[in-house]
Amino acid sequence: MAERILIFAAWPYCNGDLHIGHIAGAYLPPDIFARYHRLKGNEVVWVSGSDTHGTPITVRAEEEGITPRQVVDRYHPRFLELFQKLGITFDLFTETNTENHWAVTQEVFLRHWERGYIYKDTQKALYCNHHQGFLADRYVEGTCPYCGYEHARGDQCDHCGRMLDATELISPRCKVCGSTDIVVRETEHFFLDLAKLNRPLLEWIRQDKEHWRPNVLNFTRAQLESGELHGRPITRDIQWGVPIPLPGYESKRIYVWYDAVIGYLSATREWAKLTGQPNAWRGWWEVDRASDVKSYYFIGKDNIPFHTIIWPGMLYAYGGLILPYDVPANEYLNVEGAKLSKSRHWVIEALDVLERYDPDPWRYILTVNAPETADVNFTWEEFVRRNNTELVATWGNLANRVLSFAYRRFDGRVPQPGNLDATDRALLSQIEAGFQRVGEQIEQCHFRAAIIEAMGLAQEANRYLNIKEPWKQIKEDPQAAATSIYVCLQAINWLRVIFSPFLPFSSQKLHEYLGHEGGLFGRQYVEEYHETERSHLALRYDSSDVTARWEPQRLSPGQQLNKPAPLFRKLDESIAEEEVERMLAASGSPTH
RNA sequence: GGCGACGUAGCUCAGAUGGUAGAGCAAGCGGCUCAUAAUCGCUGGGUCACAGGUUCGAGUCCUGUCGUCGCCA
């Protein structure tokens, strides 16, 4: 019976391009997971979108003299372009500045309010007498009370790294009008009553969590068992964001963290509308109809508390919706031994490198060295090395040596095999077992182990070739050579499927060289959707005509092959040095 | 400062429930020549951050120290 898998990825903040750490952490793993489950014949819904609200975007807009919407309009399409180029197959990648998302957010807010999980309270906040407005933390700058740094922000000091309350700043200045005529005033806000949710969350975290990653589970457990959850403000004194659905709060908006996680729900509802069945989302979310649905949230480690405490708490407070089944958070990816940092200009932007390199080598290295259990270190040298010695030499070369031999010596067709001997059967049964072994690893979100397992199978096939030596067999016993080559073609035909969730582009090429019709996967496309007053771009995925399956289908003798070409390009070793130079130049530090 | 993790061969990393340290790459030697000089086999190399403790026995459990990361204050 088909399983139902609901997949989410963290909503990328729409004020800059995504780097390879984001891809490795939150977007590539769920894509592998989604592609695999679709091949298995399971029902998959996978949604995410751009997080478009919050002060970082308004600050950015004001600095550039444009509107927040224009900031979103710059980066959101670039996310869509990147996900297409990398083959990240969301069923829907939308954004939060839509009428749908606003409506769902307000509905959740009101429900939390009515059920008593939101309360009103006052906070002390900085108020600028000059332009007569409250200052959200990023709109104020001053001297850090801890280290004396003069340009500390209202939420954090970039010099000593401490988190601050804006009211702690010494001699604060308004970033809106430059005034120093700033006072502390009381402001009324809404708070999510997390203290009230502590107990139910603790009960939830104590059952059926054996499959969670230890770091995620330990962290969450420790937070909940401390019993120290406290109310958290969900509204702010700003103008950009979802309006509060109660009268009298027109000058305030819903805090971005509260609306962003609701995107998981609102995007599922948008997806349902787009499929023509607006109520279909209920079958994926409502406890009485979705008890069999497993929901997975792919995120980076900085996001763990939002997805294992706050969002589950919000769902519980809403009532009747399923809580996360798993939150396979990844750690961080460092580059050349240093933390990725936009402000220090130490980044590898995904869209940028896809100008120079194919997507599959990136998908490969970001999977085989993924930060699943600990921070990892990406180096360009390793990128080139793994591309050349693993992708090109082990897997690509296997496919190429088999295909070109078959194409030249067997008239461009899959040869008719004779009787299989023990060696032939051993190889085929090993690869056949790969569907099970690799599949199990993927299902447990062990993508790294999964791709290593798959690469091991390619090695087995190379070993088989060295034992059989069809280039000798063909001179002495052509039928034996035909059998060996058939066995190898069958092997790479299966490996084509086994590798396909990880390496969809090269698997598709191999699919064609082997003479198969159609595509292994569906089609990604961007569409513009119009609501009553607004419109937005979204990335979609259509797999309605895909016939590929995660199973060892027999390759037909006599099938016409197409002229093969190498699956992967070998990279010159000088590339590693050049790319590091490029990064050092961009960071402005020759030694970093 | 509190909480959660991480620190394993030159490099990048694996090592549920404790039982004489593993892989890939790099280095050396050998086989093959179908293949993008690709492949296959063999060899060398580690006081598992440091100091204690529990145990017949600890990268694997406990305590402390140092270093790194994240969350919170």
Side-chain angles (χ1 to χ4, degrees), chain A residues 25 146 156 161-165 168 194 210-211 213-226 228-230 232 299-310 329-334 336-340 365 368-410 444 446 448-449 451-453 455-456 458-475 481 484-485 488 492 564-573 576:
Chain A
Y146 300 99
Q156 184 177 25
R162 287 188 79 126
M163 293 186 62
L164 304 174
D165 187 305
E168 295 178 286
L194 285 168
E210 295 77 21
H211 53 286
R213 291 185 179 172
N215 55 340
V216 178
L217 187 55
N218 288 341
F219 176 84
T220 305
R221 216 176 241 155
Q223 298 285 313
L224 292 173
E225 284 175 357
S226 77
E228 289 167 1
L229 295 190
H230 50 267
R232 196 176 163 116
I299 59 168
K301 66 173 163 183
D302 53 325
N303 246 328
I304 291 172
F306 281 100
H307 292 79
T308 64
I309 295 172
I310 293 175
N330 276 323
E331 305 286 308
Y332 277 2
L333 180 113
N334 297 320
E336 304 288 345
K339 231 173 110 161
L340 286 170
I365 190 153
V368 78
N369 196 25
E372 285 179 8
T373 56
D375 290 356
V376 297
N377 186 32
F378 170 95
T379 64
W380 279 100
E381 191 183 334
E382 198 195 358
F383 171 72
V384 172
R385 196 218 94 206
R386 283 203 192 258
N387 178 75
N388 291 352
T389 65
E390 295 173 14
L391 268 192
V392 172
T394 302
W395 167 226
N397 183 53
L398 169 69
N400 193 231
R401 68 198 294 210
V402 172
L403 284 168
S404 53
F405 195 93
Y407 193 77
R408 274 193 294 110
R409 309 304 289 268
F410 290 100
Q444 294 170 54
H446 298 161
R448 172 182 197 139
I451 203 167
I452 289 170
E453 182 89 40
M455 198 52 82
Q459 250 168 3
E460 286 298 332
N462 275 320
R463 247 173 238 136
Y464 168 91
L465 271 172
N466 279 32
I467 293 167
K468 288 288 186 174
E469 301 184 302
W471 49 92
K472 283 185 183 166
Q473 287 179 312
I474 198 152
K475 294 174 190 158
S484 300
I485 289 301
C488 282
I492 64 170
L567 292 183
F568 307 102
R569 288 187 297 178
K570 191 165 176 178
L571 297 174
D572 195 288
E573 285 178 21

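Every heavy atom of this structure was used, including side-chain atoms; hydrogens, water molecules and symmetry mates were not. Quick note on labels: first sequence line is chain A, next is B, and so on, each numbered from 1. Nothing here was measured: the structure is a model prediction, and the numbers come from that model.
- Contact between Asn377(A) and Glu336(A) at its shortest, heavy atoms only, is OD1-N, 3.4 Å.
- For Phe378(A), the ring-ring contact (aromatic ring centres under 6.0 Å, His included) partners at least two apart in sequence or on another chain are Trp362(A), Trp380(A).
- No more than 12 heavy-atom neighbours from other residues, nucleotides or ligands sit within 6.0 angstrom of CD on Glu573(A).
- Going from the P atom of rC66(B) to that of rG28(B) covers 43 Å, rounded to whole Å.
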Inset, instruction - Go along nucleotides 27-36 of chain B 5' to 3' and tag each nucleotide: B for a protein heavy atom under 4.0 Å from its base, S when only backbone or sugar atoms are that close, - otherwise. - result: ----BSSBBB
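- Both Arg385(A) and Arg232(A) lie near RNA chain B, and the one whose nearest nucleotide falls closer to the 5' end is Arg385(A).
- Across every non-hydrogen atom of Ala576(A) and Val384(A), the tightest pair is N-CG2, 4.0 Å.
- Here the side chain of Asn369(A) pairs no donor or acceptor atom with the backbone of Ile365(A) at under 3.5 angstrom.
- Between the P atoms of rU8(B) and rC69(B), the separation comes to 15 Å (whole Å).
- Here the shortest heavy-atom pairing between Ser484(A) and Tyr464(A) reads CA-OH, 3.3 Å.
- Rounded to an integer number of Å, the gap from CD of Glu228(A) to P of rG2(B) is 13 Å.
- At a non-hydrogen distance threshold of 4.0 Å, Asn215(A), Asn218(A), Phe219(A) from residues 213-220 of chain A come into contact with RNA chain B.
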Could you pull out every donor-acceptor pair under 3.5 Å between side chains of residues 391-402 of chain A and any protein atom, sequence neighbours left out?
| from | atom 1 | to | atom 2 | distance (Å) |
| --- | --- | --- | --- | --- |
| Thr394(A) | OG1 | Thr389(A) | O | 3.1 |
| Arg401(A) | NH1 | Asn462(A) | OD1 | 2.8 |
| Arg401(A) | NH2 | Asn466(A) | OD1 | 3.4 |

Inset, instruction - Going 5' to 3' through nucleotides 13-18 of chain B, assign each nucleotide B (protein heavy atom under 4.0 Å from a base atom), S (under 4.0 Å only from sugar-phosphate atoms) or - (no protein heavy atom that close). - result: SS----
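- Between the C1' atoms of rG59(B) and rC3(B), the separation comes to 24 Å (whole Å).
- Across all non-hydrogen atoms, the minimal contact from Phe410(A) to Ala481(A) is CZ-C, 3.9 Å.
- Atoms CD (Gln223(A)) and C1' (rC72(B)) sit 7 Å apart, rounded to a whole Å.
- Among the nucleotides rC69(B), rC3(B), rC25(B), the one closest to the side chain of Tyr332(A) is rC69(B).
- Distance noted for atom C1' between rG53(B) and rA14(B): 28 Å (whole Å).
- Nucleotides rC32(B) and rG41(B) are separated by 11 Å at their C1' atoms, to the nearest Å.
- Nucleotide rG4(B) holds its P atom 13 Å from the CG atom of Leu224(A), rounded to whole Å.
- Under 4.0 angstrom from either OP1 or OP2 of rC6(B) there lies no side-chain N or O belonging to Lys301(A).
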Inset, instruction - Evaluate the side-chain hydrogen bond (donor to acceptor under 3.5 Å, both in side chains) criterion for residues Arg569(A) and Asn387(A): first the C-alpha distance (whole Å), next the side-chain angles of each, then the deciding distance (0.1 Å), finally the verdict. - result: CA-CA 8 Å; Arg569(A) 288 187 297 178; Asn387(A) 178 75; over 6 Å; no
Grab the N/O contacts between the protein and nucleotides 7-9 of chain B below 3.5 Å, and write none if there aren't any.
none

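- Here Glu390(A) lies in heavy-atom contact (under 4.0 Å) with sugar-phosphate atoms only.
- Rounded to a whole angstrom, the distance from the C1' atom of rC40(B) to that of rG45(B) is 23 Å.
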Inset, instruction - Let me see the working for Tyr332(A) and Leu340(A) under side chain to side chain contact (heavy atoms under 4.5 Å, CB included), right down to the final yes or no. - result: CA-CA 9 Å; Tyr332(A) 277 2; Leu340(A) 286 170; over 6 Å; no
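- The salt bridge (charged side-chain N to carboxylate O under 4.0 Å, His left out) analysis of residues 390-400 of chain A, with sequence neighbours excluded, yields the pairs Arg385(A)-Glu390(A), Arg386(A)-Glu390(A).
- Residue Gln459(A) is classed as a sugar-phosphate contact, given heavy-atom separations below 4.0 Å to backbone atoms only.
- For Lys339(A) and Asp375(A), the salt-bridge test fails: no basic side-chain N is under 4.0 Å from an acidic carboxylate O.
- Every residue two or more places apart in sequence or in another chain was checked for a side chain to side chain donor-acceptor pair (under 3.5 Å) with Glu381(A), and none qualifies.
- As rounded to the nearest Å, rC42(B) and rG24(B) have P atoms that lie 10 Å from one another.
- In this structure, Asn388(A) places its CG atom 19 Å from P of rU12(B), rounding to the nearest Å.
- Remark: Arg408(A) engages no residue in a side chain to side chain donor-acceptor pair (under 3.5 Å) (not counting sequence neighbours).
- Glycosidic torsion of rG59(B) falls within 90° of 0, placing the base in syn.
- If you measure from atom CG of Leu229(A) to atom P of rC72(B), you get 12 Å, rounded to the nearest angstrom.
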Legend entry - Evaluation steps, side chain to side chain contact (heavy atoms under 4.5 Å, CB included), between Asn215(A) and Lys301(A): CA-CA 9 Å; Asn215(A) 55 340; Lys301(A) 66 173 163 183; 5.8 Å; no
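- By the side chain to side chain donor-acceptor pair (under 3.5 Å) test, Arg463(A) pairs with Glu460(A), sequence neighbours left out.
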Inset, instruction - Convert the base pairs of RNA chain B into dot-bracket notation, remembering that pairs crossing earlier ones are written with [ ] and that bases paired across to another strand are shown as |; include only Watson-Crick or G-U pairs under 3.5 Å. - result: (((((((..((((.....[..)))).(((((.......))))).....(((((..]....)))))))))))).
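- Comparing the C1' positions of rU65(B) and rG22(B) gives an interatomic distance of 29 Å, to the nearest angstrom.
- In this structure Lys570(A) satisfies the side chain to side chain donor-acceptor pair (under 3.5 Å) test with no other residue, sequence neighbours excluded.
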